[in-house]
Structure formats: C-alpha cells, structure tokens
Peer 1: 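Take a look at the following structure, please.
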Amino acid sequence: MKTHFLIIGSGIAGLSLAIQLSEKFSDKKITIVTKSKKNESNTRYAQGGIAVVQHIEDSFEKHIQDTLIAGDGLCDEAVVRMVVEKGPQRLQELILWGAQFDKNGKELDLGMEGGHSENRVVHAKDQTGYEIEKALIAKAQKQKNIEILEFHFATDLMIKDNQCYGAKVLNEHTQNITPYWAEHTIIATGGIGVVYGHTTNPKVATGDGIAMAHRAGATIQNMEFVQFHPTALYNKNIERTFLISEAVRGLGAFLRTQRGERFMPKYDTRADLAPRDIVSLSIYKELKKSGNPCVYMDCTHLDMTDFKKHFPMIYDKCSELRIDIAKDWIPVAPSQHYLCGGIAVDMHGRTSIQNLFACGECTQTGLHGANRLASNSLLEAVVYSHEIYRYIVEHYSDAEISHFKINDSENTVKENISAETIAGMLRQLQSTMHQKAGIVRTDEDLTIAKNKLEQLTKELSTLHDTYAPSRASLELLNMLTVGMLIIEHSLQRTENKGGFMKVN
C-alpha cells in the first residue's frame, strides 16, 4: 500500500492535519489509520475546553506566564510563546470547520480553570472534545483524498538509515499485517492512560506511538511527568474513571475532607484553583493521613440551573449514580489523566528521525514542562498539527514513494495468545504502575516495578515466539515499553518538579 501522507491516529491532532493537507494537496492521498472507530480518541473525552486568549482583560503574556508557572521551570519559553500566540487563529479555523462553542450573547463564553489568571477556556458545555471531534470527522469525510481506515492498528515504523518510510499496519478484520509506504508519516496516537488502569482515558490510550517511536530509535523525553487529574469521580463500579472537570471548581466548587474541612487553602494561596499537580498532591496527602479512599467536591452552594447549563454530562452521570449534586458532595480522587512527556519534537513537529513527525499528547514539545496547564492540550494539538502542515508545504517536493524489502514473517499462520493470558499480564502491569509509579514514588518502589516489567516483557516475548501477534498482545507490548520508560526516567530524575514527586 502506498500513500503520500500516513497519519496514525484520529484525534484532534491527526484529523486537523489531514484536513489542512487535503485542502493544499488535492491530488495527494492522505491515509489515516486508527485502531478503533474513527471517533474514539482522548479528544472525544476532553471535557473542559481549549485555552485561548480572547478578551481585552486577558493577554498573551498572562497566558504565557500561567503556562510557565504551571510547568515549574521546565517549559521551553519559545514554544510556549508560539503556541499561545497562534492559538486564536487555530480556534477560528476549528469554528470555520464547524465546531460550535458556547456563547454569552455574541461573544464566546469563557470558563476559568486551575492555574489560569483569567477566564480563557473556550468550551462546548462539558463535552468540548466531543464537539471538536464530531466537527473534524464531518469535515474530513467531505475531503475526497482522505481515507480513514478504522480497526487498522499500526504495529511498527519502517525505518532505514534513520529515515521513516511508513508503518506496518495490522488489519484487525483479516489479522494480516501490511506495509503502508508513505512520503511522510505522522504519529498522533494520544495518551498512555491504560498503562495505569485507573485513568480518565479510554481503552485505546495504550501509548502505541511512543512505543513505536522508541523501538525505531526516536528520542523520547520527560516520561516521568505523568499528570494525575485531581478530581475523577470515585466509584468502584465504573470501568473507566469519569472526570469531574476542573471547570467545576472554576465555577466555584470546593474540595472537602470526609469531615467537611476545606483543605486546599492550607496548601496553596490559590486554594481549589491551584494547578493540577498541587491539587493532586494535596489530595494524596489528605488521603494518606485519613486512610479514606476519596475526598469530596462540594457544589451544593452553586446555582443548579447554571450548573446544569454548563455541565449537563457531569450532572447526568452523578444522577445516574444517585448523587444529588444540589444536596450531596461528589466523591473524587486523583486518576491518571495526561502525559507531559513523549516523543521529542522540534517547533515544526519533526522527530529525530527523518520524514517522521508527531503531534498531540504523544509528544514532548516543551509546552507543558513538568505539569500541563489545564486546557492547553487541545491548543497544543491544533497549533502543532498546523506547524507540521506549514513545514511540509514549505519543503515539499514530488518524489516517488520509496520502499525496500521487509520481513513479512508476521503473517505466518499461528494461533493468537489467549485473551485470558493477556488480560492477566495487563492486570499485573497496571497494578505495578498504580502502586509503584503513581503520584509519589521512591527509588525502591521504582526498582521493584522495573524488575516486574522486565519479567512481564520477557514472558510476552517468549509467547510472541510461539503465537501470532494480535492487537491485544501488541498493545500490551507497547504498554510495557511505555511503563519501562516512565520508570527509567523517574529513576534518573533527582529533582522534584511539577507533577513529579519522589521521596526516599
């Protein structure tokens, strides 16, 4: 299979890049491969919104400083300035493509979230990501030269002499692995949440792009900076952790202990609106002290009509679980939410491998530093997808799509590893990462985790010698790779910064 542009992933980063490329290169083929349905991505579940300077009281400089403060000294200031200053134009592009955001009269309704000094979060109630994803898919499907291949799982990049020529792709219906040769390959595979199990991410967030890039020899950075969202709904009976958006605290909700004490003011002068790393660590300390499994978010003093207007999905989810927000506190606890590290890219989205680009959560751009400022993730995705587009346009030259002989032994007829075996190994990985590489880490715990992941990786490698690879087994391999990167980078870091806390 040959294509001019191969995009791996169908979230906001991949789709927005595909649309831009299709409009510029109407005679070129753009292929998007996605391992699930085309609308299943981390983007779809983004509740809060996209942080963009919009009103006269706000300024680029304020947004830049808020981002730098949240990043705890590890942001690349040049990157921060570029992303913040290019945000308004990219927002208008999303609106032009059909995304509809909440308004207050004729103006956009701007929300407040932790770490921000001004209201600047553009949103579509509490389903902003869903609205953006829906608009981008509708736009992409109208482009004649974009092909979206659902249930196609990219297994490995094809690299020769530090240059990328495309990727091997598993067709989940036929179980055959086929090489997709491309002029340019772009990784936009999103996050890694399933590595931890207890996560706000969907099941597809298994770190595939980062693992593929690592195996190919690309530079991976800052994997120790795993962001835990402080306020995920605590409930043992729901499969995927449900997020209680930071914007709820922006509306005026308070965090309380089981005894009713407001504890955030004693940890930070910004109280409940402190950045995520501070709130998550504060909750961790309170839970360790009390032995309780959760703290509570108190919304009972808020105007419920206003609450339902802004957060209908959150209100409905709580009602479904028999939590009356007008009377009851919402049980919450930190949950893995975002990865601030990933594939290292420059300001054009280029990786350390030629013809290989990356954008979105799978990357380390320098924007987030040690801790991402709320609602900067969607912003980063659209700005960097546009920078990749600009670079390709400026340097494009027609050339024959190159290919070379590869090993096709993956398609040898064999049985797959049993689902029960994979599930059991995944549980061991998730338990290890949750217990040994969570909000607060120690070198002792990390060393134990490293030994465990090495053991699991060896077991899986032995199984792959006998059985055919499947999506489930390859995802597990990727998650073990990502878990090991998190552990190794955590062991290497000696200074606590942002979302990283190590005690010994």
Side-chain angles (χ1 to χ4, degrees), residues 42 66-77 79-80 83 114-115 189-196 198-201 205-207 209-211 213-214 218-230 232 246 274-284 334-345 351 358-381 384 433-434 436-443 445-446 449-450 479 481-503:
N42 269 5
D66 290 345
T67 302
L68 293 173
I69 291 166
D72 202 9
L74 294 187
C75 299
D76 182 327
E77 187 169 341
V79 168
V80 174
V83 173
T189 50
I192 58 103
V194 184
V195 172
Y196 280 86
H198 189 65
T199 180
T200 61
N201 294 184
T206 54
I210 296 171
H214 177 65
T219 302
I220 312 293
Q221 293 177 333
N222 289 13
M223 292 293 287
E224 68 270 35
F225 295 116
V226 180
Q227 187 178 77
F228 292 82
H229 197 289
E246 196 149 348
R276 289 176 180 176
D277 59 326
I278 294 170
V279 181
S280 288
L281 185 58
S282 302
I283 293 173
Y284 172 87
S335 179
Q336 192 287 332
H337 182 60
Y338 191 85
L339 178 67
C340 295
I343 307 164
V345 296
T351 71
C359 52
E361 188 178 348
C362 65
T363 63
Q364 197 280 319
T365 64
L367 175 65
H368 308 308
N371 176 53
R372 174 173 69 85
L373 181 66
S375 290
N376 267 359
S377 54
L378 296 178
L379 173 66
E380 178 188 51
Y384 264 85
M433 293 301 293
H434 182 69
K436 305 296 184 184
I439 295 174
V440 177
R441 303 166 202 172
T442 69
D443 281 342
D445 281 346
L446 290 167
K450 183 179 180 181
M479 286 187 278
T481 301
V482 166
M484 188 63 77
L485 284 166
I486 292 169
I487 290 164
E488 288 174 346
H489 289 200
S490 297
L491 284 166
Q492 290 163 14
R493 174 157 290 280
T494 56
E495 183 183 16
N496 290 337
K497 283 282 187 180
F500 179 82
M501 172 67 69
K502 186 163 68 172
V503 296

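Here the structure is a predicted model, which is why all the values come from computation and not from measurement.
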Peer 1: Is any side-chain heavy atom of Val482 closer than 4.5 Å to a side-chain heavy atom of Met223?
Peer 2: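 Side chain of Val482 against side chain of Met223, heavy atoms only: contact under 4.5 Å found.
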Peer 1: Who are the ring pair (Phe, Tyr, Trp, His ring centres under 6.0 Å) partners of His489, not counting sequence neighbours?
Peer 2: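 With neighbours one apart ignored, the set is empty.
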Peer 1: With Lys436, which residues qualify under side chain to side chain donor-acceptor pair (under 3.5 Å), at least two apart?
Peer 2: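 Expected list: Asp445.
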Peer 1: Ser375: which residues meet the side chain to side chain donor-acceptor pair (under 3.5 Å) condition with it, sequence neighbours left out?
Peer 2: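 Listed in chain order: Glu113.
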Peer 1: How would you list, by chain and number, every residue that makes a side chain to side chain contact (heavy atoms under 4.5 Å, CB included) with Ala370, sequence neighbours excluded?
Peer 2: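 With neighbours one apart ignored, the set is Asp72, Leu74, Phe225, Lys497.
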Peer 1: Would you please name every residue forming a ring pair (Phe, Tyr, Trp, His ring centres under 6.0 Å) with Phe228, sequence neighbours left out?
Peer 2: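 Applying ring pair (Phe, Tyr, Trp, His ring centres under 6.0 Å) to Phe228 gives Tyr196.
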Peer 1: Within a strict 4.5 Å, meaning less than it, do heavy atoms of the Val440 and Tyr284 side chains meet?
Peer 2: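 The answer is yes; the side chains approach within 4.5 Å.
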Peer 1: If we only count heavy atoms from C-beta on, is the Arg372 to His337 side-chain gap below 4.5 Å?
Peer 2: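 They are in side-chain contact.
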Peer 1: Taking it one step at a time, do Ile486 and Arg441 satisfy side chain to side chain contact (heavy atoms under 4.5 Å, CB included)?
Peer 2: CA-CA 11 Å; Ile486 292 169; Arg441 303 166 202 172; 4.2 Å; yes
Peer 1: My understanding is that only residues two or more places apart in sequence, or in another chain, count here; which of them pass side chain to side chain donor-acceptor pair (under 3.5 Å) with Lys502?
Peer 2: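 By the side chain to side chain donor-acceptor pair (under 3.5 Å) rule, Lys502 matches Asp443.
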Peer 1: By salt bridge (Lys or Arg N to Asp or Glu O under 4.0 Å), which residues pair with Arg276, not counting sequence neighbours?
Peer 2: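 Arg276 satisfies salt bridge (Lys or Arg N to Asp or Glu O under 4.0 Å) with Glu246 once adjacent residues are dropped.
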Peer 1: With distance as the sole criterion, is a donor-acceptor pair present between the side chains of Gln227 and Asn371 under 3.5 Å?
Peer 2: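 Checked: Gln227/Asn371 side chains pair up, N/O donor to acceptor below 3.5 Å.
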Peer 1: Just wondering, do Met433 and Ile487 contact through their side chains at under 4.5 Å, heavy atoms?
Peer 2: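 Result yes, sub-4.5 Å side-chain heavy-atom pair found.
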Peer 1: Hey, are the side chains of Leu339 and Ile210 touching, using non-hydrogen atoms and a 4.5 Å cut-off?
Peer 2: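 Answer yes - side chains close enough.
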Peer 1: Inspect the surroundings of NE2 in His434 and state if more than 12 heavy atoms from other residues, nucleotides or ligands are less than 6.0 Å away.
Peer 2: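 No, not enclosed.
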Peer 1: Going by side chain to side chain contact (heavy atoms under 4.5 Å, CB included), name the residues that satisfy it together with Ala344, two or more places apart in sequence or in a different chain.
Peer 2: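 Applying side chain to side chain contact (heavy atoms under 4.5 Å, CB included) to Ala344 gives Thr219, Gln221.
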Peer 1: Taking side chain as C-beta onward, heavy atoms only, is Thr365 less than 4.5 Å from Asp76?
Peer 2: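 Side-chain contact under 4.5 Å: no.
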Peer 1: Can you name the residues that form a side chain to side chain contact (heavy atoms under 4.5 Å, CB included) with Ala213, not counting sequence neighbours?
Peer 2: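 With neighbours one apart ignored, the set is Ile187, Ala218, Ile220, Ile343.
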Peer 1: Taking only residues two or more places apart in sequence or in another chain, which ones pass side chain to side chain contact (heavy atoms under 4.5 Å, CB included) with Asp66?
Peer 2: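 For Asp66 the side chain to side chain contact (heavy atoms under 4.5 Å, CB included) partners, ignoring immediate neighbours, are His116, Ser117, Arg120, Leu373.
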Peer 1: By salt bridge (Lys or Arg N to Asp or Glu O under 4.0 Å), which residues pair with Glu488, not counting sequence neighbours?
Peer 2: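 Glu488 satisfies salt bridge (Lys or Arg N to Asp or Glu O under 4.0 Å) with no other residue.
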Peer 1: State which residues pass side chain to side chain donor-acceptor pair (under 3.5 Å) with Tyr338; sequence neighbours excluded, sorted by chain then number.
Peer 2: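 Tyr338: side chain to side chain donor-acceptor pair (under 3.5 Å) contacts with His368, Glu380.
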Peer 1: For Val83 and Tyr384: C-alpha separation, side-chain torsions, deciding distance, then whether side chain to side chain contact (heavy atoms under 4.5 Å, CB included) applies.
Peer 2: CA-CA 8 Å; Val83 173; Tyr384 264 85; 3.8 Å; yes
Peer 1: Got Gln336 and Val195 here, is their nearest side-chain heavy-atom distance under 4.5 Å?
Peer 2: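 The answer is no; the side chains never approach within 4.5 Å.
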